[in-house]
Amino acid sequence: MKKKNIAAAAFSSQSMTIFRLLLLLSFLFMTVIGVEAQTAGRLVDDEVTALREIKEQVGKKGWNFSIDPCSNDTSWATPKSNLMPSYNNSLICNCSFPGGVCHVSKLFLKGQDLAGVLPPSLAKLTYLKTVDFTRNYLGGTIPPEWTSMNLEYLSITVNNLSGPIPDYLGNIPTLIYVSIENNQFSGTVPPQLGRLVNLQNLILSNNNLTGELPVNLSSLTKLTEFRISQNNFVGKIPSFIQSWKQLQKLEIQASGLEGPIPSSISALSNLSELRISDLHGEGQEFPPLQDMTGMKRLMLRSCNISGTIPSAYLLEMNQLQILDLSFNRLQGKVPNLASLLSLNFMYLTSNLLTGPIPDWITSRDSRFQIDVSYNNFLESSVPPTCRENLNLFKSSSGHGNTILGECLKSFPCSEVDKYSLYINCGGKETTIGRIKYEADQETGGPANFSPRRDRWGFSSTGHFWDVNGTSNDYIANNVSVLKMNNSELYTSARLSPLSLTYYARCLANGNYTVRLHFAEIEIRGNKSYQSLGRRIFDVYIQEKLELENFDIAKIAHGVDQAAIMDFKAVLVQDKTLSIRFHWTGKGTTAVPQRGVYGPLISAISIESDFKPPDDGKNKISIVVGAVVSAVVITIVIIGILWWRFCSKSKKSWEQDLRDLDLQTGFFTFRQIKAATNNFNAANKIGEGGFGSVYKGILSDGTIIAVKQLSSRSKQGNREFVNEIGMISGLQHPNLVRLYGCCIEGNQLLLVYEYMENNSLARVLFGHEGSKLKLDWPTRQKICLGIAKGLAFLHEESTIKIVHRDIKATNVLLDTDLNPKISDFGLAKLDEEENTHISTRVAGTIGYMAPEYALWGYLTYKADVYSFGVVALEIVAGKNNMKYRPDENFVCLLDWALVLQQKGNLMELVDPKLESNFNREEAVRMIKIALLCTNPSPALRPTMSSVVSMLEGQTVVHELIMDPSIYNDELRLKALRDQFDYIQQMKESTSETQSLINSSNATWIGSSSTSAQDLYPISSVAR
């Protein structure tokens, strides 16, 4: 009996083993079938038919149904040109079904401006789980047919959908994610949404929803994200939010709901982001948030909160990155939150805080943004200097300048009052008629008050949430051609995500007229998703609310139209006038892209309603004072000249030159010789148009680059030093820094910072064995850096400079491959005493703009042309003048123009990048380069526009040019035009005659092989 049992057990064990092997083989067999189905499957015919119907219903173009949508051939969905970052035109299939059958599981139609309706035929894709129609212009409402689906992810964010939220949406219990943000939905939230028990994300922001939130929503116990901002709800924040124990993100900004914040919020211990703002109604003390130790972003703005700031549990939030308690009624002292090392942004703006400003705030690292403006701190605790990223504007209850800021004491008002002020907000200096609008191009910031002007300035508070912020966020640039009168005032504007105050000082007391210029230049007016935005904000003048819920486009009857608002009899009593623009959370925040909201102001003018006093005694005093001053100055000048040229006859010219300089450091020739080992050939690192360049090491270990220049007269040396003094004052992250100079005897030397990776040309065009390889992000960084450097030289620096010789060899790279422009300002120094620029052209063949090379006509646009050539070289990795694909092309630019006409720009991209680059960014960079190299200077963009386009903030308008600009006929025409021009000048100098002769006879290269042929030798002779 025992043996039988043993045998039976053995048989049973063997049977089980065989059974397991069979199961394993079956699983492997099915897996193989599944893999084959995924690689060789085909979409079922019913779903192909459904896709055809969906295409018609949404208004889609470009789907090629001769190709199976589930194949690996993505060309079935024709890509769109000028792709937006959010563009997505794709579907994902599940091909794991038996028999090689595929079903659509995910459908993405994002950022395509589809103008149809949400497609009812979507329900025919019975296996569909994910639908994303974000950023289109779809109308209608959610089709009832969708209730038969098993959808899990639904996003119809930023569309033109309207009507009430259909209650049958609650009949899709499989839904996990729902976003209907930024539409025109109205009415109440249907209680049926409480049936979506699997829902984790519910986003209803930026609609016209009303009524109270239904208590049925308390059933959504799996919620991790709930956003209802920018709506018109009524009632209080419901206490049933305590049911959402798993909630991580809660956003209730300008929702229409009233305070106070319910104490039941304390149950949400998993919150990492809490945003509540603009609550009306009953006030309260600080809500109980003590259990939310994982909090990272906390906003309780304009919530009518009083009492003190509770340091006890704020200090427990050791991951806190953003703390916004602005525009409340908080009192007492600021607690010590120095231990919160992750706290990058802190806004305590506009409260009733008292006591001294804590040392931990004033000594905080400048990387942290802290705003304590509009408070009542002790005047004695306000630092005497203003610091970037620490806003102390009106932070104390003192008197005079301290009300605005202690640092304004360094800008005292003169005895002569001012009676007007004109500011081109966010823009450059502009003259309209007889009025000059002052430039306002300083970057703003989250906590910015750094007055650099004696008469006016601005305070900026807040950062744009949900976007990766940059310093460019605070100035808007127009994205289309403006046709209104005085369009110069509206091409740019200053922005603020929360609060922006302009102040004018030193005004005579009395009544003034304030004129505010607005134009909506970010939101569009066409029938696209970019037109679905609403910018709404308030305007205060002298802290009086003058404009509430102001909508620029509504008042101006459209975008890109001027809205000018006049305010009469504005009283100035303490010589100061303030204008504040404030965002109260209303409008939209995601159109045309996320982060577009808040106040926008184009220009400000302030004029007195009374004439300046005409006091004869004052006139006499002024005249007498002026005469006495003139006499004194004359005596001083005579004394200095006598002392310099008579009494100090033994003083060296070199010492005189040193005295003339105010900004540049001086080096002795002995120092430079020691640093370069007596200009040893081994230390020579380059040869440029201005002289040789040597590497050197100073006695303190500083590595320098020394450029030798040709000597000149003593008077020339004086002018040289003055010019160098001004150039040395220009500092920008994308300019090579000039440390100083050396002038001894006939030695003229410039001392620069040393750039470890030499020039862009060496890296781009160097030999194959070069260790440095430029990947695509680095190339894009370099291109953008060059553009920013040129924009600074052209538009932002104290002295405006045209470089004249932008090329890859004049762009140097530091250790981190950051680009820095070299030799800026030197072309002007090399003009000697020649005042007619057309007779001396400084530049390099292949990079010079045609109008400059042929006629000597020089503007900032010449640098723009050169930049365009360099940008092409960066994309292609090829030298413009040395690259010729075949005998039909004369240079890289010529080839690019032909490829543009053929619609095949991607062929330009450097093969060394293989497929490791962003196609959209590459196309953008090439199109910008071709815009910059337009033969007509007037059609080239400015460098600030180039920066905006490279950063994706401005649309690139493609202009297809004819490559025949390089053919013989046009070259001969240009030659004849140049000759006629020179003849008309009737100049007889030998240089002019040489130019005429060389223009008739001497050319570089053959007549049909090179773009060099455009440029006569004399145009580039140095």
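Fair warning: this is a prediction, and the values are worked out from it, not measured in the lab. Numbering starts at 1 and runs along the sequence shown.
Between Pro599 and Ser496 the shortest heavy-atom distance is CD-O, 3.0 Å. Residue Ile475 comes nearest to Gln441 through the heavy atom pair CD1-O, 4.0 Å, listed as atom of the first residue, atom of the second, then distance. Taking both residues in full, the closest heavy atoms of Asp291 and Ser266 are given as OD2-O, 4.1 Å, listed atom of the first, atom of the second, then distance. Gln369 and Pro446 get closest at one heavy-atom pair: OE1-CD, 3.5 Å. Of all the heavy atoms in Val334 and Ile361, the pair that sits closest is CG1-CD1, 4.0 Å. Listed here is the closest heavy atom pair of His517 and Ser605: NE2-OG, 4.2 Å.
Panel note: side chain Ser602, backbone Tyr490; no donor-acceptor pair is recorded below 3.5 Å. A donor-acceptor pair is defined here as one N or O able to donate and one able to accept, closer than 3.5 Å; such a pair exists between the side chain of Asp371 and the backbone of Ser373. A donor-acceptor pair under 3.5 Å links the side-chain atoms of Ser255 to the main chain of Leu257, judged by distance alone. Distance alone, capped at 3.5 Å, is enough to place a donor-acceptor pair between the Ser264 side chain and the Ser239 backbone. Asn424 places no side-chain N or O within donor-acceptor distance of the main-chain N or O of Glu429, the cut-off being under 3.5 Å. Although no hydrogens or angles enter the test, the distance criterion places no donor-acceptor pair under 3.5 Å between the side chain of Asn318 and the main chain of Leu315. Remark: side-chain polar atoms of Glu258 are not paired, donor with acceptor, to backbone N or O of Val234 under 3.5 angstrom. Of the possible donor and acceptor atoms, one in the side chain of Asn231 sits under 3.5 Å from a partner among the backbone N and O of Leu209. Checked by atom type and distance alone, the side chain of Glu225 never pairs as donor or acceptor with a backbone atom of Gln200 at under 3.5 Å. Counting only distance, with no hydrogens or angles, the side chain of Thr513 and the backbone of Glu607 share no donor-acceptor pair below 3.5 Å.
At most 12 heavy atoms of other shown residues, nucleotides or ligands fall within 6.0 angstrom of atom CG in Asn468. When the shell of 6.0 Å around CZ of Arg534 is examined, it contains more than 12 heavy atoms from other residues, nucleotides or ligands.
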Practice problem: Dump the intermediate steps for side chain to side chain donor-acceptor pair (under 3.5 Å) on His582 and Tyr540, then the final yes or no. | Solution: CA-CA 8 Å; His582 183 75; Tyr540 295 79; over 6 Å; no

Practice problem: Begin with the C-alpha distance, continue with both residues' side-chain angles, and end with the deciding distance and a verdict on side chain to side chain contact (heavy atoms under 4.5 Å, CB included) for Arg494 and Leu500. | Solution: CA-CA 9 Å; Arg494 186 162 292 283; Leu500 171 68; 4.0 Å; yes

Exercise. Please assess Glu543 against Arg580 for the test salt bridge (Lys or Arg N to Asp or Glu O under 4.0 Å), listing each intermediate value before the final yes or no.
Key: CA-CA 7 Å; Glu543 293 306 321; Arg580 186 164 67 89; 3.6 Å; yes

Exercise. Check step by step if side chain to side chain donor-acceptor pair (under 3.5 Å) holds for Thr588 and Asn206.
Key: CA-CA 6 Å; Thr588 59; Asn206 297 120; 5.4 Å; no

Quiz prompt | Test ring pair (Phe, Tyr, Trp, His ring centres under 6.0 Å) applied to Phe610 and Tyr512, step by step | solution = CA-CA 8 Å; Phe610 54 95; Tyr512 285 76; 5.8 Å; yes

Exercise. Output, in order, the C-alpha distance, side-chain angles, deciding distance and verdict of side chain to side chain contact (heavy atoms under 4.5 Å, CB included) for Gln542 and Val572.
Key: CA-CA 8 Å; Gln542 298 293 56; Val572 171; 4.2 Å; yes

Exercise. Output, in order, the C-alpha distance, side-chain angles, deciding distance and verdict of side chain to side chain donor-acceptor pair (under 3.5 Å) for Glu951 and Asn472.
Key: CA-CA 10 Å; Glu951 291 180 333; Asn472 296 321; 2.7 Å; yes

Exercise. Mind running side chain to side chain donor-acceptor pair (under 3.5 Å) on Ser342 and Gln319 for me, showing each step along the way?
Key: CA-CA 6 Å; Ser342 300; Gln319 302 178 59; over 6 Å; no

Practice problem: Tell me, with the steps shown, if Asp538 and Leu545 meet side chain to side chain contact (heavy atoms under 4.5 Å, CB included). | Solution: CA-CA 7 Å; Asp538 295 344; Leu545 179 61; 3.8 Å; yes

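Ring-plane geometry between His463 and Trp465 is classed as parallel, the angle between the planes falling under 30 degrees on a 0 to 90 degree scale with a further cut at 60. Using the six-membered ring where Trp is involved, Phe537 and Phe550 have ring planes that are perpendicular, over 60° apart on the 30 and 60° scheme. Taking the six-membered ring for Trp and thresholds of 30 and 60 degrees, Phe458 and Tyr502 have ring planes inclined between 30 and 60 degrees apart. Under the 30°/60° scheme for interplanar angles, the aromatic rings of Trp244 and Phe226 are found to be tilted.
In this structure, Ile601 CD1 and Ile579 CD1 are separated by 7.5 Å, a value rounded to the nearest 0.5 Å. Separation of atoms OH (Tyr597) and CD (Gln230) is listed at 9.0 Å; rounding is to 0.5 Å. Once rounded to the nearest 0.5 Å, the distance linking CD1 of Ile261 with CD of Glu282 reads 12.0 Å. In this structure, Arg455 CZ and Cys413 SG are separated by 9.0 Å, a value rounded to the nearest 0.5 Å. The line from CE of Met295 to OG of Ser269 is 10.5 Å long, rounded to the nearest 0.5 Å. To the nearest 0.5 Å, atom OG1 of residue Thr443 and atom CD of residue Glu796 are 9.0 Å apart.
Side-chain contact between Asn549 and Lys554 is absent, with no heavy-atom pair separated by less than 4.5 Å. Side-chain contact check for Leu325 versus Leu330: some heavy-atom pair is nearer than 4.5 Å. Residues Asn344 and Ile322 have side chains not in contact (no heavy-atom distance under 4.5 Å, counting atoms from C-beta outward). The side-chain heavy atoms of Asn375 and Ile357, taken from C-beta on, include no pair separated by under 4.5 Å. By the 4.5 Å heavy-atom criterion applied to side chains, Thr589 and Asp466 are not counted as neighbours. Side-chain contact between Leu247 and Leu271 is present, with heavy atoms from C-beta onward closer than 4.5 Å. In this structure the side chain of Leu213 reaches within 4.5 angstrom of the side chain of Phe233, judged on heavy atoms. A 4.5 Å side-chain heavy-atom check between Leu279 and Ile237 finds at least one atom pair inside the cut-off.
Between Tyr503 and Phe393, the gap from one ring centroid to the other is short of 6.0 Å.
With no hydrogens or angles considered, no side-chain donor-acceptor pair links Gln573 and Asn509 at under 3.5 Å.
Between Lys568 and Asp609, no side-chain nitrogen of the basic residue sits less than 4.0 Å from a carboxylate oxygen of the acidic one, so the salt-bridge criterion is not met. Using a 4.0 Å cut-off between a side-chain N of Lys or Arg and a carboxylate O of Asp or Glu, Lys236 and Glu212 do not qualify as a salt bridge. A salt bridge is absent between Glu251 and Arg297; no separation between the charged side-chain nitrogens and carboxylate oxygens falls under 4.0 Å. For the pair Glu273 and Arg227, the salt-bridge criterion is met [side-chain N within less than 4.0 Å of a carboxylate O]. Salt-bridge annotation for Lys575 and Asp417: present, with a side-chain N of the basic residue lying under 4.0 Å from a carboxylate O of the acidic one.
When Thr501, Thr349, Asn391, Asn448 are each tested for a side chain to side chain donor-acceptor pair (under 3.5 Å) with Ser459, only one passes: Asn391.
Remark: Arg301 is not positioned above the aromatic ring of Phe327, lacking an NZ or CZ atom under 6.0 angstrom from the ring centre and at most 45 degrees off the axis.
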